[in-house]
Amino acid sequence: MLDKNKVIVGMSGGVDSTVAAYQLKKMGYEVIGVNMRLWQDDFLEEEHFMKDGGCCSLSSVEDARRVCEQIGIPFYALDFKGVFKETVVDYFIDAYKNGETPNPCIACNKYVKFEALLEKAHQLGAYYVATGHYAKISYDENLARYIVEKASAIEKDQTYALYNLTQEQLQHILMPLAEFTSKDEVRQIAANFDVQMSQKSDSQEICFVPDQDYVGFLKRNGNFKIEKGDFFDTDGNVLGKHEGIVNYTIGQRKGLGITFGKPMYVVDIDPEYNRVVLGENETVFKKELWAKDVNFIQMASIEGPYRCEAKIRYSAKPAPCTIECVDDLVHVIFDEPQRAVTPGQAVVFYQGSYLVGGGTILRK
RNA sequence: UGGGGAUUCGCCAAGCGGUAAGGCAACGGACUUUGACUCCGUCAUUCACAGGUUCAAAUCCUGUAUCCCCAG
């Protein structure tokens, strides 16, 4: 029998998850803090892993332990390295191997935070798992579904990385930061009981690649050869040599190591022939895309053409579009061409502030 | 080894006697819970080299070196 008053909070040791735990405790929940051990890279200095962060931070166990003590809740450090490697790291490596650009945060949310950790919560008798994500989850009586809405702190909104969650998962998730209107407000609360923590900076890198060098990470952990190949223009002419497709993502300009007198961008990555196609800015816009592994939040599925907005990357403005399911894929046609539609990244659908669903962008 | 033309930042390129534009790249920073994009900033005391003429030369003159084209 799960206790609806009991909640497991995933705590990175950062500001957000700390305040999330604090708020829940204040609301009267029985709160247990859990720090997930996700990854260990002997190659990197420990200090790299000491930084704070949002949902993805590995941060330090010690910070998490300390604040739990201050808040007055039990704390456990649990090992999730196995599931993290299988569902996040391996996926991350495979995506690059296939010429795609992965979004590990989305995979981590789906499989680790809201699956593995949720299971653990249930084992401990807790009905809920909570995180420091910025998003609103609620139950809609009319739809008879759990729905997700953008956070009040709109500039920190993380719904983009949550489109993948199932009804079953949403039913058991609490996100106490939903109603805060800014990160500053969250920091203020943290400052009440831990000033040092409240000033930690936001994380912005891939949590298991804190030195930013994801190519180095792939070399150490990837188990495949990164082979040099040719740059092509959009007409099929060879322009020069590239350092291996994993070094590039659609829309990229910097680091091509080649100059044309005009800015040039990556337009396409062809893993089969190990090619990277370059073009001018105008060539990197696309009006439509196909996505797989589609999940809908607001409804079980959609029938026929459906008008909504879509984001093709975390920090994009939602763009008006028409979507339609075809078999198990979704076809997205934008009103205006979008820049750098990137295979492997998520396309996420919205109706105003509500999260409709999303999927993984395909190459063709 | 006859004739003609070139040689300015890693790349392209302005300048044509008055005290080195710009673009690309690179680097640094801002932004960013993925990868990117974007934005801001920094980037030739020096113009292939050596002399000379001028108050003053990358700009004119004389050699030297290298490259390209046309002739052999």
Side-chain angles (χ1 to χ4, degrees), chain A residues 10 12-17 20 38 51-59 88-89 91-93 95-110 112-113 131-135 151 153-164 175 177 183 186 200-210 212-218 231 239-240 245-269 276 278-286 311-317 338-348 358 360-361:
Chain A
S12 66
V15 180
D16 294 333
S17 54
L38 298 175
K51 289 187 288 185
D52 159 48
C55 74
C56 292
S57 178
L58 296 181
S59 213
V88 180
V89 176
Y91 144 79
F92 180 81
I93 291 168
Y96 271 114
K97 195 196 278 186
N98 296 328
E100 298 180 340
T101 304
N103 190 322
C105 290
I106 290 173
C108 181
N109 287 335
K110 179 177 165 101
V112 181
K113 295 195 180 84
T131 62
H133 279 101
Y134 288 84
I154 197 70
E155 77 284 353
K156 297 298 294 182
D157 173 61
Q158 291 169 320
T159 51
Y160 177 81
L162 299 171
Y163 77 87
N164 235 332
M175 294 185 174
L177 303 188
K183 175 96 183 196
V186 174
K200 279 184 161 189
S201 58
D202 291 5
S203 78
Q204 27 190 263
E205 64 283 299
I206 306 168
C207 71
F208 51 93
V209 191
Q212 299 275 54
D213 180 15
Y214 73 93
V215 175
F217 178 88
L218 293 173
F231 279 126
L239 298 175
I245 56 174
V246 303
N247 289 282
Y248 312 99
T249 187
I250 305 300
Q252 178 173 337
R253 168 182 178 177
K254 295 287 181 183
L256 302 181
I258 187 169
T259 147
F260 300 93
K262 286 194 138 193
M264 291 290 270
Y265 301 85
V266 175
V267 176
D268 186 33
I269 294 171
V276 175
L278 268 27
E280 291 178 29
N281 193 243
E282 305 76 65
T283 65
V284 53
F285 285 80
K286 278 196 170 153
K311 285 183 15 168
I312 56 164
R313 101 188 81 250
Y314 179 77
S315 57
K317 299 235 180 309
Q338 299 297 298
R339 186 177 185 287
V341 173
T342 306
Q345 291 287 291
V347 57
V348 177
T360 305
I361 297 171

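Given the structure is predicted, the values throughout are model-derived calculations rather than measurements. First the proteins, then the strands, lettered A, B, ... as listed; each starts at 1.
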Using the C1' atom as the reference point in each nucleotide, state the distance between B:G18 and B:U54 in Å, no decimals. 12 Å
Sequence neighbours excluded, the answer for ring pair (Phe, Tyr, Trp, His ring centres under 6.0 Å) partners of A:Tyr214 is A:Tyr96
G-U wobble or Watson-Crick pairing nucleotide for B:A56 (cut-off 3.5 Å, both distances): none
Determine the interatomic distance between C1' on B:G4 and the same-named atom on B:U38; round to the nearest Å. 49 Å
By nearest-nucleotide position on RNA chain B, the 5'-leaning member of A:Met264 and A:Arg313 is A:Met264
For nucleotides 21-23 of chain B, give me every protein contact, N/O to N/O, under 3.5 Å, one pair per line with atom names.
| unit_1 | atom_1 | unit_2 | atom_2 | d |
| --- | --- | --- | --- | --- |
| B:G23 | O2' | A:Gly261 | O | 2.7 |

Taking O4'-C1'-N9-C4 for purines and O4'-C1'-N1-C2 for pyrimidines, is B:C37 syn (within 90° of 0) or anti? syn
For nucleotides B:G15 and B:G52, find the distance between their C1' atoms and express it as a whole number of Å. 23 Å
Watson-Crick or G-U wobble partner of B:U19, both distances under 3.5 Å: none
Go through the structure and list residues passing ring pair (Phe, Tyr, Trp, His ring centres under 6.0 Å) with A:Tyr265, not counting sequence neighbours. none
Using the C1' atom on both, measure B:C43 against B:A56 and round to a whole Å. 28 Å
Go nucleotide by nucleotide along RNA chain B from the 5' end; which of A:Ile250 and A:Ile258 gets its closest nucleotide reached first? A:Ile258
Integer angstrom distance from the P of B:C67 to that of B:C61: 24 Å
Rounded off to whole Å, could you give me the CD-to-P distance for the A:Glu280 and B:C24 pair? 12 Å
Could you check how far CD1 of A:Ile245 sits from P of B:G35, rounded to whole Å? 18 Å
A:Asp213: partners by side-chain contact (heavy atoms from CB on, under 4.5 Å), with sequence neighbours left out: A:Asp211, A:Val215
Taking CG from A:Leu256 and C1' from B:C24, how many angstroms apart are they, rounded to a whole number? 11 Å
NA contact type, A:Tyr265, heavy-atom cut-off 4.0 Å: base, sugar-phosphate, or nothing? sugar-phosphate
I would like to know whether A:Asn109 and A:Asn164 meet side chain to side chain contact (heavy atoms under 4.5 Å, CB included); could you show each step before the answer? CA-CA 8 Å; A:Asn109 287 335; A:Asn164 235 332; over 6 Å; no
Residue-phosphate contact under 4.0 Å: A:Tyr91 side-chain N/O, B:U34 OP1/OP2: no
Is A:Arg339 touching bases, backbone alone, or none of the nucleic acid, heavy atoms closer than 4.0 Å? sugar-phosphate
Whole-angstrom distance between B:A6 and B:C60, as gauged at atom P: 10 Å
Just to verify, what does A:Lys317 make a salt bridge (charged side-chain N to carboxylate O under 4.0 Å, His left out) with, not counting sequence neighbours? none
Applying the Watson-Crick and G-U wobble criteria at under 3.5 Å, what pairs with B:G35? Answer none if nothing qualifies. none
Please assess A:Phe260 against A:Phe231 for the test ring-ring contact (aromatic ring centres under 6.0 Å, His included), listing each intermediate value before the final yes or no. CA-CA 13 Å; A:Phe260 300 93; A:Phe231 279 126; 8.1 Å; no
When rounded to whole Å, the NZ to P distance for the pair A:Lys254 and B:G28 reads 11 Å
Whole-Å C1' distance, B:U66 and B:A48: 8 Å
With P as the reference atom in both, quote the distance from B:A58 to B:C68 in angstrom, rounded to an integer. 28 Å
Return the pairing partner of B:G72 with a 3.5 Å limit on both distances, Watson-Crick or G-U wobble; otherwise return none. none
With heavy atoms under 4.0 Å as the rule, sort A:Tyr96 into base, sugar-phosphate or nothing. sugar-phosphate
Counting Watson-Crick and G-U wobble pairs only, both distances under 3.5 Å, name the nucleotide matched with B:A65, or none. B:U7
For the side chain of A:Tyr160 and the backbone of A:Ala346, is there at least one donor-acceptor N/O pair under 3.5 Å apart? yes
Applying the Watson-Crick and G-U wobble criteria at under 3.5 Å, what pairs with B:U46? Answer none if nothing qualifies. none
Only pairs at least two apart or in different chains count here, so list each salt bridge (charged side-chain N to carboxylate O under 4.0 Å, His left out) that has a residue in residues 97-110 of chain A. none
NA contact type, A:Gly255, heavy-atom cut-off 4.0 Å: base, sugar-phosphate, or nothing? sugar-phosphate
Does any N or O in the side chain of A:Gln338 come within less than 3.5 Å of the main-chain N or O of A:Phe285, such that one atom is a donor and the other an acceptor? no
